[in-house]
Protein chains: 2
Amino acid sequence: MKKNAKNELIKYDHPCPIRDVLDRIGDQWSLLILKSLEHDVMRFNTLHKEIGDISRQMLSRTLKRLENDGYITRTVYAQVPPRVEYALAELGLSFLKPMNTLIQWADENHEAICRARKTQNL
Amino acid sequence: MKKNAKNELIKYDHPCPIRDVLDRIGDQWSLLILKSLEHDVMRFNTLHKEIGDISRQMLSRTLKRLENDGYITRTVYAQVPPRVEYALAELGLSFLKPMNTLIQWADENHEAICRARKTQNL
DNA sequence: CTGTATCCTCTTTGATACTG
DNA sequence: CAGTATCAAAGAGGATACAG
């Protein structure tokens with residue numbers, strides 16, 4: 001566990017839910033993957049092509065994390081060549097609502113943000 | 001849904017507003033800062049104490065980015081010692097709705113996620 | 001097809017010391 | 001009080017080759 005400068009334990013036994021959740025789905029790819037799975041079950045390579053600029057490694061890692069957190073399910077079919085399908089689990093389905101609220105806001109306010117940003121490049 | 005010349009599905013044109021927005025407020029601190037400013041104007045050190053484990057450098061940087069993107073305002077009072085107050089700007093106020101939807105979901109589902117996670121540590 | 005292992009780079013973040 | 005500069009560490013992410 002992390003310690004601060006005085007070597008005191010930082011108390012995250014039960015971390016802030018917001019941080020705990022957002023640290024995971026707040027990365028570069030999770031939302032994109034969940035959004036891709038909103039309407040369809042998807043295979044690994046289909047996701048890879050759809051998202052376009054994600055590396056296979058990051059796709060693999062992020063899928064594992066999402067699966068481990070309970071957002072998605074992973075189904076392997078005993079075939080040659082292998083066929084693996086990813087789909088939203090219950091948690092992922094319930095997450096669609098706040099996610100889409102956020103996405104809608106981003107869409108509506110993107111232009112305003114771009115306008116505000118023009119002055120600098122931080 | 002759009003398709004390209006080879007009839008493959010394409011969901012994400014560039015620049016994608018979702019990614020552009022979330023890459024900024026999806027970091028470790030932005031949401032926390034915006035949440036802290038939800039009900040009160042705040043000074044630098046007050047924010048620093050309230051958030052607790054953010055470094056001054058990251059607080060400074062994140063505040064600048066949020067200001068530059070138009071989420072918050074920064075007001076300097078001509079005093080000695082200096083007094084600087086941060087407050088939500090219009091964009092930040094409008095962001096409260098999707099943000100709180102997300103926070104509420106995180107609160108309600110945190111336990112389920114923790115339960116799902118127990119098996120591994122990715 | 002569906003990944004994993006390895007190596008490498010770039011970004012993020014914190015600690016600390018310093019300035020106005 | 002409100003930051004900034006500098007340094008260092010950790011992690012995110014990509015490229016490529018390899019494996020089942």
Side-chain angles (χ1 to χ4, degrees), chain A residues 1-10 12 15 19-20 22-33 36-37 41-68 72-87 120-122, chain B residues 8 19-20 22-33 36-37 41-69 72-87 120-122:
Chain A
M1 185 173 304
K2 292 180 189 172
K3 298 181 180 185
N4 64 13
K6 294 169 189 167
N7 211 32
E8 298 163 342
L9 289 175
I10 298 176
Y12 290 128
R19 296 164 82 158
D20 193 37
L22 293 188
D23 279 359
R24 300 290 189 113
I25 54 84
D27 67 1
Q28 202 177 348
W29 305 113
S30 293
L31 273 277
L32 251 19
I33 291 175
S36 296
L37 293 174
V41 165
M42 291 253 190
R43 299 177 64 172
F44 187 87
N45 270 356
T46 315
L47 278 168
H48 192 216
K49 283 175 204 154
E50 171 130 338
I51 297 179
D53 55 344
I54 190 175
S55 67
R56 283 216 299 267
Q57 168 147 193
M58 281 316 297
L59 180 56
S60 175
R61 269 196 223 165
T62 310
L63 285 169
K64 265 191 188 165
R65 278 211 329 197
L66 291 174
E67 186 196 357
N68 190 245
I72 64 176
T73 59
R74 178 178 181 272
T75 310
V76 184
Y77 295 89
Q79 300 179 1
V80 178
R83 173 189 187 84
V84 180
E85 284 183 349
Y86 294 92
Q120 290 180 50
N121 191 15
L122 299 179
Chain B
E8 296 163 342
R19 296 165 82 157
D20 193 37
L22 292 188
D23 278 359
R24 300 291 189 111
I25 54 84
D27 69 1
Q28 205 178 347
W29 305 113
S30 293
L31 273 278
L32 251 19
I33 292 175
S36 296
L37 293 173
V41 165
M42 291 252 189
R43 300 176 66 171
F44 188 86
N45 271 355
T46 315
L47 277 168
H48 192 216
K49 282 174 206 156
E50 172 129 336
I51 296 180
D53 56 342
I54 190 175
S55 66
R56 284 217 296 266
Q57 170 147 191
M58 282 315 298
L59 180 56
S60 175
R61 269 196 222 165
T62 309
L63 285 169
K64 267 190 187 166
R65 279 212 326 199
L66 291 174
E67 187 196 356
N68 190 246
D69 277 17
I72 63 175
T73 59
R74 177 177 181 273
T75 310
V76 185
Y77 296 89
Q79 300 180 0
V80 177
R83 172 188 187 84
V84 179
E85 284 183 350
Y86 294 91
Q120 292 179 48
N121 190 16
L122 299 179

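Here is the naming used below: chain letters follow the sequence lines, and residue numbers restart at 1 for every chain. The figures that follow rest on heavy atoms only: side chains count, while hydrogens, waters and symmetry mates do not.
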Looking at C/dG3, I'd like to know if its phosphate oxygens (OP1 or OP2) sit under 4.0 Å from a side-chain N or O belonging to A/Lys64.
no
Nearest heavy-atom neighbours spanning A/Ile25 and A/Leu66
CG2-CD2, 4.4 Å
Contact between B/Leu63 and B/Trp29 at the side-chain level, heavy atoms closer than 4.5 Å - yes or no?
no
Would you call A/Arg61 and A/Asp27 a salt bridge, taking side-chain N to carboxylate O under 4.0 Å as the test?
no
Considering the terminal five base pairs at each end of the helix from C/dC1-D/dG20 to C/dG20-D/dC1, what angle separates the two local helix axes, rounded to 10°?
40°
Bounded by its outermost nucleotides with an atom under 4.0 Å from a heavy atom of chain A, the footprint on DNA chain D reads D/dG13 to D/dG20
Minimum side-chain heavy-atom gap A/Tyr86-A/Ile72 below 4.5 Å
yes
If every non-hydrogen atom of A/Leu47 is compared with every non-hydrogen atom of A/Leu37, which pair is closest and at what distance?
CD2-CD2, 4.4 Å
Looking across every strand, which nucleic acid part, if any, lies under 4.0 Å from B/Tyr86 by heavy atom: base, sugar-phosphate, or nothing?
sugar-phosphate
Mind listing the closest non-hydrogen atom pair of B/Ile51 and A/Arg19 along with its distance?
O-NH1, 4.2 Å
Looking at A/Ser36 and A/Glu50, what are the two nearest heavy atoms and their distance?
OG-OE2, 3.9 Å
Whole-Å distance between C/dG3 P and A/Leu63 CG?
8 Å
Measure the distance from CD on A/Glu85 to P on C/dG3 and round it to the nearest whole Å.
11 Å
Taking all non-hydrogen atoms of both residues, which atom of B/Arg24 and which atom of B/Ser30 are closest, and how far apart?
O-OG, 3.5 Å
Nearest-nucleotide check on DNA chain D, B/Arg74 vs A/Pro82; residue mapping nearer the 5' end is B/Arg74
Could you pull out the protein-nucleic contacts involving nucleotides 11-14 of chain C (nitrogen or oxygen on both sides, under 3.5 Å)?
residue : atom : partner : partner atom : Å
C/dG14  : OP2  : B/Ser55 : OG           : 3.2

